[in-house]
Amino acid sequence: MANASRKVEAPTQEERFRRIWAVVEGIPEGCVLNYGEVARLAGLPGRARLVGRALALAPKQRALPWHRVVNAQGKISFAAESPRGQRQRRLLEAEGVDFDDGVIDLERFSPERAIDRLLWGP
DNA sequence: AAGATGACTAACT
DNA sequence: AAGTTAGCCATCT
């Protein structure tokens with residue numbers, strides 16, 4: 001082993017954040033992912049809350065598509081009337097994401113279905 | 001040091 | 001269908 005110590009180093013917090021940011025950066029336009037899925041894709045199953053943290057603390061310079069992350073119910077996790085909530089909704093709608101009574105169909109707008117949408121339309 | 005908090009979630013009632 | 005409970009995990013009091 002290259003590493004002198006046999007102990008496997010747990011990823012630092014910074015490392016976890018970087019993984020989370022990388023996943024979020026990869027969400028295509030017009031698609032959404034929920035916090036739990038982002039965590040899973042970042043190799044951090046069960047750490048949905050950490051995703052919210054990572055987004056809150058993300059450097060401005062990174063310009064993440066943070067608005068493409070919603071909760072597992074397909075709803076925006078900010079109060080609908082709050083400025084942040086309205087901005088997130090506006091950004092998503094501008095990308096063609098539909099809200100049905102404030103709820104997004106996660107299946108329909110998942111990145112996995114992005115290619116289907118291109119071929120077949122919404 | 002123990003409890004509260006949050007950009008969460010799944011499983012119950 | 002909506003509210004509660006329990007589990008989650010890093011920070012902040």
Report yes if at least one side-chain N or O of A:Ser77 is closer than 4.0 Å to OP1 or OP2 of B:dG6; otherwise report no.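 Negative; the distance criterion is not met.
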A:Asn34 side chain near B:dC8 phosphate (N/O to OP1/OP2, under 4.0 Å):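 Indeed not, no polar side-chain atom of A:Asn34 lies that close.
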To the nearest angstrom, how far is [X] atom [atom1] from [N] atom [atom2]?
{"X": "A:Arg16", "N": "C:dT11", "atom1": "CZ", "atom2": "P", "result": "9 Å"}
{"X": "A:Leu50", "N": "C:dT11", "atom1": "CG", "atom2": "P", "result": "8 Å"}
{"X": "A:Ile76", "N": "B:dG6", "atom1": "CD1", "atom2": "P", "result": "19 Å"}
{"X": "A:Gln73", "N": "C:dA1", "atom1": "CD", "atom2": "C1'", "result": "13 Å"}

For the side chain of [X], counting heavy atoms from C-beta on, which of [options] is nearest?
{"X": "A:Arg49", "options": "C:dC8, B:dA10, C:dA10", "value": "C:dC8"}
{"X": "A:Asn71", "options": "B:dT9, B:dA7, C:dT11", "value": "B:dT9"}
{"X": "A:Tyr35", "options": "C:dT11, B:dC8, C:dC9", "value": "B:dC8"}

Donor-acceptor contact present, side-chain A:Arg68 to main-chain A:Gly26, <3.5 Å: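 No.
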If only atom types and distance count, is the side chain of A:Glu29 paired as donor or acceptor with the main-chain N or O of A:Gly96 below 3.5 Å?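 The answer is no, because no donor-acceptor pair under 3.5 Å joins these two groups.
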I'd like to know if A:Arg18 pairs up with A:Glu15 as an ion pair, taking the criterion as any Lys NZ or Arg NE/NH1/NH2 lying under 4.0 Å from an Asp or Glu carboxylate oxygen.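 Looking at A:Arg18 and A:Glu15, the cut-off is met.
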